[in-house]
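Everything on this sheet refers to the single structure shown next.
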Amino acid sequence: MQVDDASTLRQAMVATLRDEGLITTDSVAAAMNAVPRHDFAPGEPLEKVYQTSTTLVPKLDAQGRQTSVVSAAHIQAIQLEQAEVRPGMNVLEIGSGGYNAALIAEIVGPAGSVTTVDIDADIVDRARAGLRRAGYEQVNVVLADAEHGVAQHAPYDRIIVTVGAWDIPPAWLDQLTPDGRIVVPLRFAGITRLIAFDRAPDDPVLTAVNYRLGSFVPMQGDGSANEQLIAITPDVGLRLDQNSRLTFDVPALRKALNTTPAESWSGTPFDMPDELELFLLTSGPELPMLHAAQAAVDQGVVNRTVRIGTPALVRGGTFAYRIKRENPQTVSGFETGVIAHGPEAEQVGSELLAMIRAWAGGCYRRGAARITYHPKTAATSGLAGWHSTKRHGLLAVAWS
């Protein structure tokens, strides 16, 4: 009875992901219909296992932070579609859990090969057990620091990273075929974007073919990185990339929170907020991400848009961030606006509003950003646009 229930729930999960446009190819649909996801989450209710947006069997560190999860099905579908895995390919998965490796094995078929690597022995053991239960013991499961890849099974046609990576280490590029693809949740400017990078033979530069919104547990080991968090109050703070050199007048910003804010409205639709967020962070002055606990929202200290993080323009003791309101005259039914706190609220709010209007006027579409990654072996002199220097290379974002 449980097998029949699981099969029905699995088919419903795939149908939902197709309806939402997250599964677009028959190969990904067939794999997700074939692999028993519940074998990788023993003890979890079947209804939970086959929900599209639920992570499973998290592992927590001593501070209660998640260090590993079986990603939500919709994220795995997005990554597989981005990767465009084909039969016969050799694929490396960075960050294991077992289920995603089984999906990849289903797609590459008997002529292909899959290797999955994780730094955590408990996760490796769990992945091996799940793969054994589900019948995918042909997957190579490796305990190692993924910063260095897995050279013994290289070269790989695809490298699919399932942890938040701050950089792209040289080992991954060394172990990738000349025309291979890396799908990686890359962390920069205080956010994460799930990016599919291609490279061409004899060209060291990686070029994004697409990018999506995504959230992942951070990478551990030699590739780990820590973002900066500057507390304004116990419930409100600014998040920065680890290599940021921005400084803030925290007492002045704390005082600004207690002032009456100024609102202004752009007349442009509140739509594709992830694209607007990326534009604000990579098209002008460096902006931190403003975050707040639910308590600060409930108390009316900040707008609810801050709860999940939003770019903030900070000038001395004044800061501004985007908000939204209903407006049936816009395409989306909502309008983008700005709220600003502090002595120069009108001026700083107007500056952020101008940036929002610039995006709406010239980059209001999916995929407007051109994202490239330049390893240290690539020339970067004269590179225009926003860029961030990382350990092993340089990430660049340009808008057109």
Side-chain angles (χ1 to χ4, degrees), residues 82 94 147-149 154-156 158-159 161 164-212 219 222-228 239-247 274-289 311 313-314 351 354-355 358-359 361-363 365-400:
Q82 286 184 297
I94 305 289
E147 171 83 357
H148 312 291
Y156 302 103
R158 299 288 186 267
I159 296 178
V161 186
W166 189 75
D167 202 358
I168 299 177
W172 298 358
L173 300 181
D174 292 343
Q175 295 169 26
L176 188 69
T177 57
D179 58 351
R181 175 175 292 185
I182 295 179
V183 177
V184 54
L186 198 59
R187 299 166 60 199
F188 59 97
I191 60 171
T192 300
R193 286 298 180 268
L194 183 53
I195 307 174
F197 282 112
D198 278 356
R199 73 173 178 189
D202 303 320
D203 186 353
V205 176
L206 301 178
T207 301
V209 291
N210 58 65
Y211 56 89
R212 300 289 297 267
M219 192 168 177
D222 290 345
S224 64
N226 294 313
E227 293 168 334
Q228 302 178 52
R239 188 177 299 277
L240 300 161
D241 196 47
Q242 76 161 23
N243 60 3
S244 174
R245 296 184 179 179
L246 285 181
T247 59
D274 55 318
E275 288 281 342
L276 173 57
E277 177 182 81
L278 182 61
F279 179 85
L280 293 176
L281 292 169
T282 61
S283 66
E286 184 181 354
L287 306 186
M289 289 290 289
L313 179 61
V314 182
E351 187 178 346
M355 296 170 66
W359 171 77
C363 302
R365 62 188 184 278
R366 284 282 172 203
R370 183 177 185 271
I371 304 175
T372 52
Y373 181 83
H374 305 253
K376 286 186 176 179
T377 55
T380 57
S381 59
L383 189 66
W386 180 93
H387 58 270
S388 174
T389 301
K390 295 180 172 286
R391 291 190 190 109
H392 308 297
L394 182 146
L395 181 73
V397 181
W399 295 87
S400 57

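As the structure is a prediction and not an experimental result, all values here were calculated from the model.
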Exercise. Once you round to the nearest 0.5 Å, how far does CG of Leu287 lie from CG of Leu281?
Worked result: 6.0 Å

Problem set entry | Residue Arg245 excluded, over 12 heavy atoms near CZ under 6.0 Å | no

For this session: Indicate the atoms forming the closest heavy-atom contact of Ala165 with Met219, along with that distance.
Result: CB-SD, 4.3 Å

For this session: Could you list the residues that satisfy side chain to side chain donor-acceptor pair (under 3.5 Å) with Thr192, not counting sequence neighbours?
Result: none

For this session: Kindly indicate whether the side chain of Val161, heavy atoms from C-beta on, has any atom under 4.5 Å from the side chain of Pro185.
Result: yes

Seminar exercise, completed: CG (Leu278) and CH2 (Trp359) are apart, to the nearest 0.5 Å, by 10.5 Å

Exercise. Would you say Leu383 and Leu394 make side-chain contact, with heavy atoms under 4.5 Å?
Worked result: yes

For this session: Taking Arg370 for its side chain and Gly367 for its backbone only, find out whether a donor-acceptor pair lies under 3.5 Å.
Result: no

Exercise. Relative to each other, are the rings of Trp386 and Phe188 parallel, tilted or perpendicular (30° and 60° limits)?
Worked result: tilted

Seminar exercise, completed: Heavy-atom closest pair (Asn243 atom, Thr389 atom, distance to 0.1 Å) is ND2-O, 2.7 Å

Problem set entry | Under the salt bridge (Lys or Arg N to Asp or Glu O under 4.0 Å) test, residues paired with Arg212 that sit two or more places apart | none

For this session: Say whether Gln175 and His148, considering side chains only, have a donor N or O and an acceptor N or O under 3.5 Å apart.
Result: no

Exercise. Under the side chain to side chain donor-acceptor pair (under 3.5 Å) test, which residues partner Ser244, sequence neighbours left out?
Worked result: Glu286

Problem set entry | Residues Trp166 and Asp241: side-chain donor-acceptor under 3.5 angstrom | yes

Seminar exercise, completed: Rounding to 0.5 Å, atoms CZ (Arg193) and CG (Asn210) come to a distance of 13.0 Å

For this session: Evaluate the side-chain contact (heavy atoms from CB on, under 4.5 Å) criterion for residues Met289 and Glu277: first the C-alpha distance (whole Å), next the side-chain angles of each, then the deciding distance (0.1 Å), finally the verdict.
Result: CA-CA 10 Å; Met289 289 290 289; Glu277 177 182 81; 3.3 Å; yes

For this session: Spell out, as yes or no, whether a donor-acceptor pair under 3.5 Å connects the side chain of Gln82 to the backbone of Val209.
Result: no

Problem set entry | Donor-acceptor under 3.5 Å (Asp167 side chain, Arg391 main chain) | yes

Problem set entry | Nearest atoms (heavy-atom pairs only) where Cys363 meets Ala368 | O-CB, 3.7 Å

Exercise. Does the side-chain contact (heavy atoms from CB on, under 4.5 Å) test come out yes or no for Val183 and Ile159, once each step is laid out?
Worked result: CA-CA 6 Å; Val183 177; Ile159 296 178; over 6 Å; no

Exercise. Could you go step by step and tell me if Ile182 and Tyr373 meet the side-chain contact (heavy atoms from CB on, under 4.5 Å) rule?
Worked result: CA-CA 11 Å; Ile182 295 179; Tyr373 181 83; over 6 Å; no

Exercise. Taking only residues two or more places apart in sequence, or in another chain, which ones meet Trp172 in a side chain to side chain donor-acceptor pair (under 3.5 Å)?
Worked result: none

Seminar exercise, completed: Contacts of Asp198 meeting side chain to side chain donor-acceptor pair (under 3.5 Å) (sequence neighbours excluded), chain-then-number -> Arg181

For this session: Tell me yes or no: between the side chains of Thr282 and Trp399, is some donor less than 3.5 Å from an acceptor?
Result: yes

Problem set entry | Distance-minimising heavy-atom pair for Tyr211 and Glu275 | OH-OE1, 2.9 Å

For this session: Could you tell me which residues satisfy salt bridge (Lys or Arg N to Asp or Glu O under 4.0 Å) with Arg199, sequence neighbours excluded, listed by chain and number?
Result: none

Seminar exercise, completed: The reported gap from OG1 in Thr377 to CG in Leu173 (rounded to nearest 0.5 angstrom) is 7.5 Å

Exercise. Which pair of heavy atoms, one from Arg158 and one from Asp179, lies closest together, and at what distance?
Worked result: NH1-O, 4.5 Å

Exercise. Atom CG in Leu313, atom CG in Leu280: separation rounded to 0.5 Å?
Worked result: 9.0 Å

Exercise. Which value, rounded to the nearest 0.5 Å, describes the distance between Ser388 atom OG and Arg187 atom CZ?
Worked result: 12.0 Å

For this session: For Ile168 and Phe197, run side-chain contact (heavy atoms from CB on, under 4.5 Å): C-alpha distance rounded to whole Å, both residues' side-chain angles, the deciding distance at 0.1 Å, then the answer.
Result: CA-CA 11 Å; Ile168 299 177; Phe197 282 112; 3.9 Å; yes

Problem set entry | SB check Arg366 Asp274 (cutoff 4.0 Å) | yes

Seminar exercise, completed: When every non-hydrogen atom of Ala171 is compared with those of Glu147, the smallest separation belongs to CB-O, 3.7 Å

